[in-house]
Amino acid sequence: MSPTSPRPSAAQENLVRQAGRALARHGLVHAYGHCSMRLDQGHFLVSPAKPLGLVGDEDSCSVVPLEGPLPDGVLGEVRIHREIYRRRPEVGGVVRSMPPRVMTLGTARITPKPRHGFGSYFAPQPPLWDDPQLLRDDVQAAALAEQMAAARAIVMRGNGAVTAGGSLEEAVVLTWYLEDAARIEFEARAAGIAEGGVILGEAEVAQRATWSGAILDRMWAYLTTPQR
């Protein structure tokens with residue numbers, strides 16, 4: 001961390017670690033995947049460079065500047081986070097994940113349509129990054145962020161997904177929503193009702209894709225609380 005970088009609080013570091021563990025607990029990441037939260041206009045805090053389910057309280061997160069090279073020890077694909085934060089000041093959290101059903105559909109260049117409530121958050125459907133390679137240079141990461149534009153998620157062909165939210169909590173919840181939307185899409189197609197199935201209309205999406213009623217808080221609590 002450079003002398004001009006903000007020093008994250010213990011609560012901020014704990015939040016990033018907690019988010020990573022929740023993603024792992026629910027099968028949304030495995031050996032690969034990372035998450036981050038914005039610290040200020042020029043920096044964000046990213047999870048340790050290890051499997052998120054193995055992150056311990058002693059593992060430090062890394063502060064990454066929006067300008068300049070990635071700090072030592074930070075994973076190359078964290079460039080994706082940086083390019084999204086650069087372009088979207090409203091984004092407070094980013095998740096790079098490997099959800100199973102999203103991965104399956106992505107290999108066929110399919111992204112889920114808004115068939116149910118959770119799918120409405122990604123209407124009309126997430127864009128597809130049509131390249132299965134890892135993104136480890138600035139040009140590719142910038143191109144993905146440009147294609148993602150203002151969407152809440154982008155599916156990467158055969159390579160998982162990226163979600164962006166107003167907070168890290170929101171980005172984590174959106175990752176779960178995206179996987180559930182992919183599950184519905186997969187099962188509808190498997191049942192032969194893909195074309196005849198109902199797609200939510202614009203008015204339905206506008207009404208359903210809401211955070212009111214503690215929707216975000218309740219899903220965050222579900223994702224971060226170990227089940228007994």
Side-chain angles (χ1 to χ4, degrees), residues 19-20 22-36 44 46-54 62 64 69-70 73-88 91 93-115 118-119 121-165 171-190 194-195:
L23 292 163
R25 184 182 302 118
H26 291 273
L28 301 171
V29 297
H30 36 64
Y32 313 113
H34 28 88
C35 59
S36 68
F44 62 94
V46 71
S47 53
K50 63 187 297 184
L52 295 182
L54 302 180
S62 296
V64 181
L70 292 180
V74 172
L75 296 169
E77 281 204 341
V78 172
R79 289 179 173 86
I80 297 170
H81 301 239
R82 183 169 64 183
E83 295 300 331
I84 292 171
Y85 287 126
R86 280 174 172 171
R87 287 163 175 76
R88 298 175 61 179
V91 168
V94 175
V95 171
R96 170 76 170 95
S97 61
M98 309 287 175
R101 284 287 187 256
V102 172
M103 186 81 78
T104 299
L105 293 178
T107 62
R109 297 188 171 97
I110 297 169
T111 69
K113 296 180 180 179
R115 298 179 182 274
F118 298 140
Y121 292 81
F122 310 101
Q125 64 189 113
L128 174 74
W129 174 255
D130 196 7
D131 186 342
Q133 304 303 321
L134 298 174
L135 274 69
R136 290 179 170 171
D137 65 61
D138 293 340
V139 173
Q140 285 186 309
L144 181 140
E146 287 290 331
Q147 184 179 352
M148 187 178 184
R152 285 171 161 151
I154 185 168
V155 173
M156 304 168 73
R157 178 163 65 91
N159 200 17
V162 178
T163 54
V172 170
V173 168
L174 286 170
T175 304
W176 193 94
Y177 285 1
L178 180 65
E179 174 65 355
D180 202 61
R183 177 186 63 83
I184 294 293
E185 185 73 30
F186 182 91
E187 292 178 0
R189 289 170 178 264
E195 297 304 320

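Results of the side-chain contact (heavy atoms from CB on, under 4.5 Å) test with Arg157 over Arg109, Met103, Gln133 single out Arg109 as the only residue that passes. The only option from Asp180, Val173, Leu174 that meets the side-chain contact (heavy atoms from CB on, under 4.5 Å) definition with Phe118 turns out to be Asp180.
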(message) Is there a side chain to side chain contact (heavy atoms under 4.5 Å, CB included) between Leu52 and Ser47? Walk through the geometry before answering.
(response) CA-CA 8 Å; Leu52 295 182; Ser47 53; 3.5 Å; yes
(request) For side chain to side chain contact (heavy atoms under 4.5 Å, CB included), just list the numbers for Arg87 and Met148, CA-CA rounded to whole Å, side-chain angles, deciding distance to a tenth of an Å, and then say yes or no. (result) CA-CA 10 Å; Arg87 287 163 175 76; Met148 187 178 184; over 6 Å; no
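Residues Leu178 and Pro126 form a side-chain contact, since some pair of their non-hydrogen atoms from C-beta on lies under 4.5 Å apart. Inter-residue side-chain proximity for Arg96 and Leu75 is flagged as unmet; no heavy-atom pair is nearer than 4.5 Å. At least one side-chain heavy atom of Leu23 sits less than 4.5 Å from a side-chain heavy atom of Thr175. Counting heavy atoms from C-beta outward, Glu179 and His26 have side chains that stay 4.5 Å or more apart. Using a 4.5 Å heavy-atom cutoff, the side chains of Val74 and Arg82 are not in contact. Considering only heavy atoms from C-beta on, Tyr177 stays 4.5 Å or farther from Thr163 through its side chain. Counting heavy atoms from C-beta on, the side chains of Asn159 and Glu77 come closer than 4.5 Å.
Residues satisfying the salt bridge (Lys or Arg N to Asp or Glu O under 4.0 Å) criterion with Arg79, sequence neighbours excluded, are Asp138. With sequence neighbours left out, the side-chain hydrogen bond (donor to acceptor under 3.5 Å, both in side chains) criterion links Arg86 to Glu83. The ring pair (Phe, Tyr, Trp, His ring centres under 6.0 Å) check on Tyr85 picks up Phe44, with sequence neighbours excluded.
Look at Arg189 and Glu185 and you find a salt bridge, because one of the NZ, NE, NH1 or NH2 atoms lies within 4.0 Å of a carboxylate O, short of that distance.
Taken from CG in Asp130 to CD in Gln147, the straight-line distance is 8.5 Å, to the nearest 0.5 Å.
Residues Pro127 and Ile154 approach most closely at O-CG1, 3.4 Å, considering heavy atoms. Across all non-hydrogen atoms, the minimal contact from Gly20 to Val29 is O-CG2, 4.4 Å. Minimum interatomic distance between Ala171 and Gly93 (heavy atoms only, all atoms of both residues): CB-O, 3.5 Å. Pairing each heavy atom of Ala49 with each of Gly73, the nearest pair is CB-O, 3.4 Å. Of all non-hydrogen atoms in Pro99 and Gly160, the two that sit nearest each other are CD-CA, 4.4 Å. Heavy atoms only, all atoms of each residue included: Gln140 and Trp129 are closest at O-CH2, 3.9 Å.
Taking the ring centre of Phe186 as origin, the terminal cationic atom of Arg101 falls inside the region bounded by 6.0 Å and 45° from the ring axis.
In this structure a side-chain-to-backbone donor-acceptor pair under 3.5 Å is missing from Arg152 to Gly165.
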